[in-house]
Amino acid sequence: MTTLPEFIPPSTEVPENCPTVAVEDDRTGLSVETLRRAWADHLFYLQGKWPEIATQNDLYMALAYVVRDRMLQRWLNTSRLYRHPQARIVCYLSAEFLLGPHLGNNLISLGIEDEVREAVKQSGLDFDALMAQEEEPGLGNGGLGRLAACYMDSLASLEIPAIGYGIRYEFGIFDQQIQDGWQVEVTDKWLQFGYPWEMARPEYSVEVCFGGRTESYTDTEGRYRVRWVPHQVVQGIPYDTPIMGYEVNTVNTLRLWKAEAVESFNFQSFNVGDYYGAVGEKVMSENLTKVLYPNDEPIQGKQLRLEQQYFFVSCALQDMIRLHLLSGRTLETFHERFTAQLNDTHPAVSVAELMRLLVDVHNLDWEVAWEVTRRTFAYTNHTLLPEALEKWPLDLFGQSLPRHLQIIFEINHRFMDQVRIQYMGNEEKMARLSLIDEGGERYIRMANLACVGSHAINGVAALHTKLLKQTVLKDFYELYPEKFSNKTNGVTPRRWIVLSNPRLTKLLKDTIGSDWIKHLDKLKQLEGHVQNPSFCQHWRDIKRAIKVDLTNYIYSTQGIQVDPDSLFDIQVKRIHEYKRQHLNVLHIITLYDRIRHDPNLDIVPRTFIFGGKAAPGYFVAKRIIKLITSVAAVVNNDPAVRDRIKVVFMPDYNVTNSQRIYPAADLSEQISTAGKEASGTGNMKFSLNGALTIGTLDGANVEIRDAVGPENFFLFGLTAPEVEETKAQGYNPWDYYSQNPELKEVIDLINAGVFSQGDRELFKPLVDSLVYHDPYLLLADYQSYVDCQARVSETYRDRDVWTRMSITNTARMGYFSSDRAIQEYCDEIWNVQPVAVEMKPYVQANAMLSV
Ligand code: 26Q
């Protein structure tokens, strides 16, 4: 831990008579009495309400401000570090941050949950109902965005100075409704009732250019230079959200950018009377950050998406340059103060933008700028699917970013010169390494740009990194082996245990103390209690209580009665063919079919729970949702089943909802085709909360199984090499269908319209795809999966065995903390140290003003 020397920025001379803010005042005091007074004060002065007419939302907002006040001293003290010339700062660049609700999390980090609960209780109100008011900012699609949020939590908790940079989408990921069994998308209006956790900082706005053309000229020193004459200029306005570390003084900043029109830009249109034309420009500018693309794989040809990416990247880099220059240093040392992580290729245009800013705007030589750029960036890849690698058609790219196109050509030119020496005459290799895909329509390959422009490249699980080196990034691995490393994902125990599972948290605290919250490895100590019958009983009681909560929630929201003593078998994640929710459905139909054949079949009662959104344009994924809801409608209402199996599709799976789901699981479904899921992080959240996993050897499942022990993990299915092998030998799913009578019967039931009221067309596209193509090998893995599920059921019959396996899972999952992952990034990629944020008893008000 470093303590940096006192640093008073030159611009903030503090006069003697400057007013001061006391630490123990109504805005910071922590007694129940002070909290209640502050709450009433905010209700009156910020919401403008008396208690008797306040809505639940008013009460929530006022309470949120009470909590935010208590973070501000620490927040501003941390922010001052960003200008400190000796501070080294991590910038996490991500098009998505899927944060989840803040109130509960901040209370935990501040350590004032009990006081605030008491204050609310003394006012005769329901604390949990107030918490439920919070709209989560759904500024992400799934895994990648949620990972960014976990990493922000860990950075702050480890006291690493960091800034998250991203986009403040006005509408986040859509809300999902289920109507007649189909997904219906509803706009997510997360800002409509006000959002207390952000502060606009218009004083740090920047301008971002688009379109137009470039001009070359010779400067006064006779140097060749290029200037960009843009067609459009928009303004980026930063909105800051505090990210508080757990029980530390560090409060980092998540700085999200909103696009607005530059007031004066199209003033000429007004002069010629084209009022609508001028306003139209304004509307276009504001469209940039209007909505999150709800796809979790690249979509072709969407110019607005490219412009979103460039917009936030340009804002972020301009902001970093401003901070660097403020600290009094020159841009040749930019990479010494900042390290920037590219969360996939979505921010990869950064490489060209930093070059432009350094060379065109700040006059650095190309070679110097390139060295700074390469030493600044590191790139995390999150996918193995070749079709999910981002690429942009050249002309589309050039229309929005003509100067960047030139810069990318120049980078590529120099890069090709360098590899030509190494791979003399190997034209194919050169073509694969090139930043430009020239086979047919020409594209810019963003992963190639990220690899060339970064000093470090990583995958997100051991298997994923290994396969990256062998497949999609093979040529880059051969060229730069030293750049590659693995950083297995992790999740934050603060949100995923302490906040979402208070019962387990209490049991853990009572049994092994609280150290595990910051040092998750300490969960190991639980192993000493696995043989203790009363501890096991307690463990089981807790799981049952949580399942009862979920049972009640399902009943109150959907009117479906499930049995809390049944095995809760849960699959929640984005809907994708490679994630194979439909394999899970084939198993459900298998059990249903067996019950129909033998009404007295002795089976372990199960509740199958699904949740997840489908990309709105992903036809097959939407039909998988319809299949699940249709099977649910039949199975849940067939008296022959006698409630032994129930199927529930929980609508609108998001962070808030997931927090009641993970803790309630007995069985976690991680059943993707081996080699397709980069890591998975839900798998970690389930197992940490004591669920057992049924899974393939894919993504981080491999490491989870190693950690918890193969005897505590239900493994099935082909391995990644076997998948490749099977395909190479000409996989024919029809053979599996025709040769496996039970599988055949299951598929025939779907085909016959048993789940679609006789409609044989509804699921035909799904079934045909399986029987004739089956690109994700469901039929090849079917028998192995069904057999494995039988082992699950047999194990569940012996509750003592199951409980011991459950405890062992939690005990051995410490490695999957995002604290461990972030520590590895700090040590092996970023080279950053924690910095103590000092809390002075009094802070002069105007010294706090500038960040
Ligand atoms: C790109 C261009 C245009 C439109 C959309 C996109 C886009 C958006 C989101 C592409 C991909 C994503 C998200 C990917 C993602 O979430 N990947 C997951 O990342 C997790 C964290 O590393 C892994 O655990 C998952 O295995 C991986 O699927």
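All ligand and atom numbering here is 1-based and tracks the order in the structure.
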Quiz prompt | Aromatic centroids of Y825 and W830 separated by under 6.0 Å | solution = yes
Please give the N or O to N or O pairs under 3.5 Å between ligand 1 and the protein, distances rounded to 0.1 Å.
unit_1   : atom_1 : unit_2 : atom_2 : d
ligand 1 : 16 (O) : L144   : N      : 3.0
ligand 1 : 22 (O) : H382   : ND1    : 2.6
ligand 1 : 22 (O) : N489   : OD1    : 2.9
ligand 1 : 24 (O) : G680   : N      : 2.7
ligand 1 : 26 (O) : E677   : OE2    : 2.6
ligand 1 : 26 (O) : A678   : N      : 3.3
ligand 1 : 26 (O) : S679   : N      : 3.0
ligand 1 : 26 (O) : G680   : N      : 3.1
ligand 1 : 28 (O) : Y578   : OH     : 3.4
ligand 1 : 28 (O) : E677   : OE2    : 3.1

Quiz item: For H404, what residues pass the ring-ring contact (aromatic ring centres under 6.0 Å, His included) criterion, not counting sequence neighbours?
Solution: W228, Y310
Self-check item: Heavy-atom closest pair, residues P775 and S769
Solution: CD-OG, 4.3 Å
Quiz item: Checking T810 side chain against G690 main chain: does a donor-acceptor pair fall under 3.5 Å?
Solution: yes
Practice problem: Using the six-membered ring wherever Trp is involved, compare the ring planes of Y92 and Y151 and label them parallel, tilted or perpendicular (cut-offs 30° and 60°). | Solution: perpendicular
Quiz prompt | Check: Y776 ring centroid to H582 ring centroid under 6.0 Å | solution = no
